[in-house]
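Here's the structure we're looking at; comments come further down.
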There are 2 protein chains.
Amino acid sequence: MNAQSMPMTVRPEDERATLSEVLRGHGVGPTHQRIEIARALFSRMTHLSADQVLAAVNQRHAETSKATVYNTLKLFVEKGLVREVIVDPTKVFYDPNTSPHHHFYDVETGEITDIDGDRISILGLPALPEGKVAAGIDLIIRVRGAA
Amino acid sequence: MNAQSMPMTVRPEDERATLSEVLRGHGVGPTHQRIEIARALFSRMTHLSADQVLAAVNQRHAETSKATVYNTLKLFVEKGLVREVIVDPTKVFYDPNTSPHHHFYDVETGEITDIDGDRISILGLPALPEGKVAAGIDLIIRVRGAA
DNA sequence: GGTGAAGTTAGACAGAGTCCAATTCTTATC
DNA sequence: GATAAGAATTGGACTCTGTCTAACTTCACC
């Protein structure tokens, strides 16, 4: 089971256990803090910045430090649980949807919306530079309110 | 005449005049500082961050403040003289090539390379969100050294 | 219950970018 | 060329995101 296949609704008493399994399945030892951070991301299935994750976690009950949120988000990226979305020059967003997809980014509101990967084909994708491998492909369509 | 059609080599005594014309043609009043910043970008035709622009300008002779570099780069973006490239979570790069194109970004070295827009076709581009207009389309291919 | 490794923490720190009030420059007009 | 008004520039303080470190806590295992 991976993050994408996690049921959208689970009985509250099962939620922690389910999240623990998701973490373990990605080679991440489950701790209170990591479970809370995973819940913040996966229960919303939306793009959150580090400070939004921190706020969401601490609003609930669990005191979690800034350092742990940053450590954990970096770990989740390494382990493939979430994906970094770099569209806003001021902060990184974390996307719990790790399937191939692209992004609309509203430069005025900061809102990020997914574009399913299979709705787009990219033809003539150039050969990667010598000795390099792909680490991610993201088509970013910046939009703003009509004039 | 626009930035792209500016001759790659000009007689030094004409360079300031040429850059002045480019700026004026984009509705930007030419000042010493703006000319120096434009020269830093257009003489290299490469992707520079704000601090690289600052270093390039001040290395030459013209003392220019950090605030002016940031003000000017923002103005250049508004006026279509350069394009922001947002691929690195720690800083924005400015690209003097404003024709439609995409980017390779090496996550290990930080190197950015252009991909000509006409080498790639994007099929099935989804409709923009209601009431929105496109502000930029950038396919970012992140690469890293092979394992 | 003891031990070591893994995880968490507060708070200091670094770097990019913003803001502001004071100064300097540009430009239009005479 | 002098002048005045608006535009541009400036240093420095400031904000914010993210990193680092050394101490502390938790956990698994014996």
Side-chain angles (χ1 to χ4, degrees), chain A residues 16-17 19-20 23-24 26-40 47-58 60-79 81-82 84-95 107 110 112, chain B residues 16-17 19-21 23-24 26-40 47-58 60-79 81-82 84-94 107 110 112:
Chain A
R16 282 182 66 89
L19 287 166
S20 282
L23 295 184
R24 248 189 271 272
H26 283 79
V28 174
T31 65
H32 296 313
Q33 291 86 345
R34 289 172 179 173
I35 289 169
E36 287 302 319
I37 290 167
R39 168 153 40 210
H47 314 77
L48 295 178
S49 62
D51 66 313
Q52 289 173 326
V53 170
L54 181 60
V57 165
N58 284 345
R60 231 174 157 272
H61 69 83
E63 284 306 308
T64 297
S65 74
K66 187 173 67 152
T68 296
V69 169
Y70 278 100
N71 289 342
T72 300
L73 288 171
K74 186 185 288 185
L75 178 68
F76 282 9
V77 170
E78 279 169 26
K79 298 299 188 178
L81 272 159
V82 300
E84 279 180 320
V85 182
I86 299 164
V87 291
D88 181 317
T90 70
K91 60 177 69 151
V92 176
F93 286 84
Y94 295 88
D95 187 348
V107 298
I112 301 170
Chain B
R16 283 183 65 88
L19 287 166
S20 283
E21 283 313 300
L23 295 184
R24 247 189 270 273
H26 283 80
V28 175
T31 65
H32 296 312
Q33 292 86 343
R34 288 172 178 174
I35 289 169
E36 287 301 320
I37 290 167
R39 167 153 39 208
H47 313 79
L48 295 179
S49 62
D51 66 313
Q52 289 173 326
V53 170
L54 181 61
V57 166
N58 283 346
R60 227 171 160 274
H61 70 83
E63 285 306 309
T64 298
S65 72
K66 186 173 67 149
T68 297
V69 170
Y70 279 99
N71 289 343
T72 301
L73 289 172
K74 186 185 289 186
L75 180 68
F76 282 9
V77 169
E78 279 169 25
K79 298 299 189 179
L81 273 158
V82 300
E84 279 180 320
V85 182
I86 299 165
V87 291
D88 182 317
T90 69
K91 59 177 68 147
V92 175
F93 286 84
Y94 294 88
V107 298
I112 301 170

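These numbers were taken from a predicted model, which means no experiment stands behind them.
Closest of all the heavy-atom pairs between A/Lys79 and A/Gly27 is CE-O, 3.9 Å. Heavy atoms only, all atoms of each residue included: A/His47 and A/Asp95 are closest at NE2-OD2, 3.3 Å.
B/Ser20 meets the side chain to side chain donor-acceptor pair (under 3.5 Å) test with no other residue; sequence neighbours excluded. With sequence neighbours left out, the side-chain contact (heavy atoms from CB on, under 4.5 Å) criterion links A/Ala38 to A/Leu19, A/Leu23, A/Phe42, A/Phe76. Every residue meeting the side chain to side chain donor-acceptor pair (under 3.5 Å) condition with B/Gln52, not counting sequence neighbours, appears here in chain and number order: B/Ser49.
Counting atom types as modelled, A/Lys91 pairs no side-chain N or O with a base atom of D/dG18 as donor and acceptor under 3.5 Å.
If you measure from atom NZ of A/Lys66 to atom P of D/dT19, you get 10 Å, rounded to the nearest angstrom. As a whole-Å value, the separation of A/Lys74 NZ from D/dT17 C1' is 13 Å. The distance between atom CG of B/Leu54 and atom P of D/dG12, rounded to the nearest whole Å, is 14 Å.
The shortest distance between side-chain heavy atoms of B/Ile112 and B/Phe93 falls below 4.5 Å. The shortest side-chain heavy-atom distance between B/Glu78 and B/His26 does not fall under the 4.5 Å cut-off. Annotation: side chain of B/Val28 is in contact with side chain of B/Leu81 (closest heavy-atom distance under 4.5 Å).
On the nucleic acid side, DNA chain C contacts chain A at distances under 4.0 Å to non-hydrogen atoms, with the end points of that region at C/dG7 to C/dA12.
Dashed line: the shortest gap from a side-chain N or O of A/Tyr70 to OP1 or OP2 of D/dT19 is not under 4.0 Å. OP1 or OP2 of D/dT10 has at least one side-chain nitrogen or oxygen of B/Ser65 nearer than 4.0 Å.
For the atom pair B/Thr64 OG1 and B/Arg34 CZ, the distance stands at 11.5 Å (nearest 0.5 Å). Interatomic distance, B/Glu36 CD to B/Thr68 OG1, rounded to the nearest 0.5 Å: 12.5 Å.
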Show me the side-chain donor-acceptor pairs of residues 84-91 of chain A shorter than 3.5 Å, one per line, residues at least two apart or across chains.
{"unit_1": "A/Asp88", "atom_1": "OD1", "unit_2": "A/Thr90", "atom_2": "N", "d": "2.6"}
{"unit_1": "A/Asp88", "atom_1": "OD1", "unit_2": "A/Thr90", "atom_2": "OG1", "d": "2.8"}
{"unit_1": "A/Asp88", "atom_1": "OD2", "unit_2": "A/Tyr105", "atom_2": "OH", "d": "3.0"}

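In the helix from C/dG1-D/dC30 to C/dC30-D/dG1, the rotation axis of the first five pairs and that of the last five pairs differ in direction by 30°, rounded to 10 degrees.
Within residues 27-38 of chain B, the residues that have a heavy atom under 4.0 Å from DNA chain C are, in order of number, B/His32.
Among the heavy atoms of the strands lying under 4.0 Å from A/Thr90 are primed sugar atoms or P, OP1, OP2 only; no base atom is included. The residue B/Thr64 sits close only to the backbone: its heavy atoms come under 4.0 Å of sugar-phosphate atoms, none of a base.
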